[in-house]
Colleague: 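So that we are looking at the same thing, I have put the structure below in structure tokens.
Here is the naming used below: chain letters follow the sequence lines, and residue numbers restart at 1 for every chain.
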Number of protein chains: 2
Amino acid sequence: MTELQFNSWQTIQDEVLRRIHVRDWPPGAVIPNEADLAKEFGCARATVNRALRALAEAGILERRRKAGTRVALHPVSRATVDIPIIRQEITGRGQAYDYRCMSRSVTRPPSRVIDRLGIQGGVDCLHVTALHLASGAPFVFEDRWINLATAPDAAEQSFDALSANEWLLANIPYTHGDIRFAAEAASEHDATVLETSHGEPVFVMERVTWDHDRAITFARLCYAPGYGIVTRFGSAP
Amino acid sequence: MTELQFNSWQTIQDEVLRRIHVRDWPPGAVIPNEADLAKEFGCARATVNRALRALAEAGILERRRKAGTRVALHPVSRATVDIPIIRQEITGRGQAYDYRCMSRSVTRPPSRVIDRLGIQGGVDCLHVTALHLASGAPFVFEDRWINLATAPDAAEQSFDALSANEWLLANIPYTHGDIRFAAEAASEHDATVLETSHGEPVFVMERVTWDHDRAITFARLCYAPGYGIVTRFGSAP
DNA sequence: CTGAAAATTATGTCTATACATAATAATCTG
DNA sequence: CAGATTATTATGTATAGACATAATTTTCAG
């Protein structure tokens, strides 16, 4: 018999990947069930389960109860993007971090922001704009609206020295967030702050952070020209 | 005793998140070990392990053998970006998909591409450019170089009807890939193809796909103005 | 006091077994 | 034969116990 000895879930994962790879199990094919694989590999079903579950989370396999496990037909590449604190991102590159608060006021946000935060029209928000610098050069311009209904303590913060980014992270618990990456033309103001020219392409990240169903903050991060996000998908390095 | 009844790993995960949330376990704090938590929650250690491991994968907890488990100090938001096949992305929006191959030749790639593919200078590659359309409008312009040393079968493909994107995915196995997102100014050529104007900000995705240590292809995807990637991080919807 | 060796500890993983759950297939009923 | 009911099946998860592994702490030798 083929009583092979694949003892660890990693080994099993590698073997499954190999079989997909060499088209033993082509895209769309149903693979043997956990019990049979466990017998074949000479291990417990839980070990097979661990391996297959991880591959399903990575988007390589699709699993459904009773229906079984099949190789994903359209292998969506699932890339994980780490979004660090800006300070960390800059110091992590070995550059000096500097922060400059540019404005701070309590006003009624524009409808664009009201929509994103999903709040009522009459609510006032704290509006903070700031510049993050890397080795003295403008790195990213932050335009942030904080929902005072959710984060009232923010009203007492000056955000002179500590960025709203970091203060919120340390003080206001959140459950999840929405992110949008896009390319935009630098506005007159963006351009001035980032020391570039009007209309220049800039990488923009927009984030809305939530605590359950209550919006905490909306931030538009406008990166200096040349910025890009680098990430990877798949297994091996 | 506090013999609470948290039976499922999901319930335990929620409870752990709650404690982090209300600052019972503030950022940086070491939380009790698995055995103690299992006792407290009235479940097996494996169940606690499952819950904590998932949170560690999400970047919320940091775990080290012997040292224990602590709440991440800088909670890096880890967003998962799904990168579907272009056809799928368009039809998924309910739009009609159309594909137009624009050029196809075998030449020596420019140094910029040679660097990304990590190949020797003398190697010829297959260069394919194509346009993907959504409901008749230009959606993304694809500029792709295929390493014929790794994917020799690609030489026999015309890519008239089937995009290189899809052909490669279906025929050439890969292990992993590098991705870069950036904002760039549309080149003269980009602008013509995408029916926009020269210098206009465009969202660019560059991908290098690998089979172990051999590069398969480098693609530069230049999206029509207005495109953005939307994703989310965290748990609750 | 310093550096190497050994004990300790928390996480990491595997096993065997059991039951839960969702989805499909088969069967019964009007 | 349609529609509801029941059986079957593969995955999903829980458990108790065991051993593996990495990292720290303690002990020991010089």
Colleague: Rounding to a whole Å, what distance do you find between B/Asn33:CG and D/dA23:C1'?
Modeller: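 It is 15 Å, rounded to the nearest whole Å.
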Colleague: Please give, in whole Å, the distance from D/dA10 P to A/Lys39 NZ?
Modeller: 11 Å
Colleague: Does A/Asn147 reach the side chain of A/Phe218, with side-chain heavy atoms less than 4.5 Å apart?
Modeller: no
Colleague: Heavy-atom distance under 4.5 Å between the side chains of A/Arg93 and A/Ser135, does that happen here?
Modeller: no
Colleague: For A/Asn49 and D/dT15, what is the distance between atoms CG and C1' respectively, to the nearest whole Å?
Modeller: 15 Å
Colleague: Indicate, with a heavy-atom threshold strictly under 4.0 Å, whether B/Ala67 touches base, sugar-phosphate, or nothing.
Modeller: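 No contact.
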Colleague: Nearest to the side chain of B/Ala46, which nucleotide is it out of C/dT15, D/dT11, D/dA16?
Modeller: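 The closest nucleotide is D/dA16.
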Colleague: So, does the side chain of A/Arg45 form a donor-acceptor pair with the base of D/dG12 at under 3.5 Å?
Modeller: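 Checked by distance alone, the answer is yes.
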Colleague: Send over the distance from B/Glu57 CD to C/dT13 C1', rounded to a whole Å.
Modeller: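 From B/Glu57 CD to C/dT13 C1': 14 Å.
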Colleague: To the side chain of A/Thr69, which of D/dA16, D/dT11, C/dT15 is closest?
Modeller: D/dT11
Colleague: Among the candidates D/dT24, D/dG12, C/dT13, find the nucleotide nearest to the side-chain atoms of B/Arg64.
Modeller: D/dT24
Colleague: Take B/Glu57 and A/Arg53, measure what salt bridge (charged side-chain N to carboxylate O under 4.0 Å, His left out) needs, and give me the verdict at the end.
Modeller: CA-CA 14 Å; B/Glu57 274 164 19; A/Arg53 184 159 41 80; over 6 Å; no
Colleague: Do A/Val30 and A/Thr69 come within less than 4.5 Å of each other through their side chains, counting heavy atoms only?
Modeller: no
Colleague: Can you tell me the distance, in whole Å, between the CD atom of B/Glu62 and the P atom of C/dG12?
Modeller: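 Roughly 12 Å, once rounded to whole Å.
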Colleague: How many whole angstroms separate atom CD1 of A/Ile12 from atom C1' of C/dT15?
Modeller: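 One finds 12 Å between C1' of C/dT15 and CD1 of A/Ile12, rounded.
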Colleague: Roughly, in whole Å, what's the span from CZ in B/Arg63 to C1' in D/dA23?
Modeller: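 To the nearest whole Å, that distance equals 15 Å.
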Colleague: Would you state whether a donor and an acceptor, one from the side chain of B/Arg65 and one from the base of D/dT21, lie under 3.5 Å apart?
Modeller: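 By the distance-only test, yes, there is a pair.
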Colleague: Which nucleotide wins on minimum distance to the side chain of A/Lys66, given the candidates C/dT13, D/dT13, C/dA25?
Modeller: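 My answer, after comparing the listed nucleotides, is C/dA25.
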Colleague: Please state how far atom CZ in B/Arg70 lies from atom C1' in C/dT11, giving the value in whole angstrom units.
Modeller: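 Atom CZ in B/Arg70 sits about 14 Å away from atom C1' in C/dT11.
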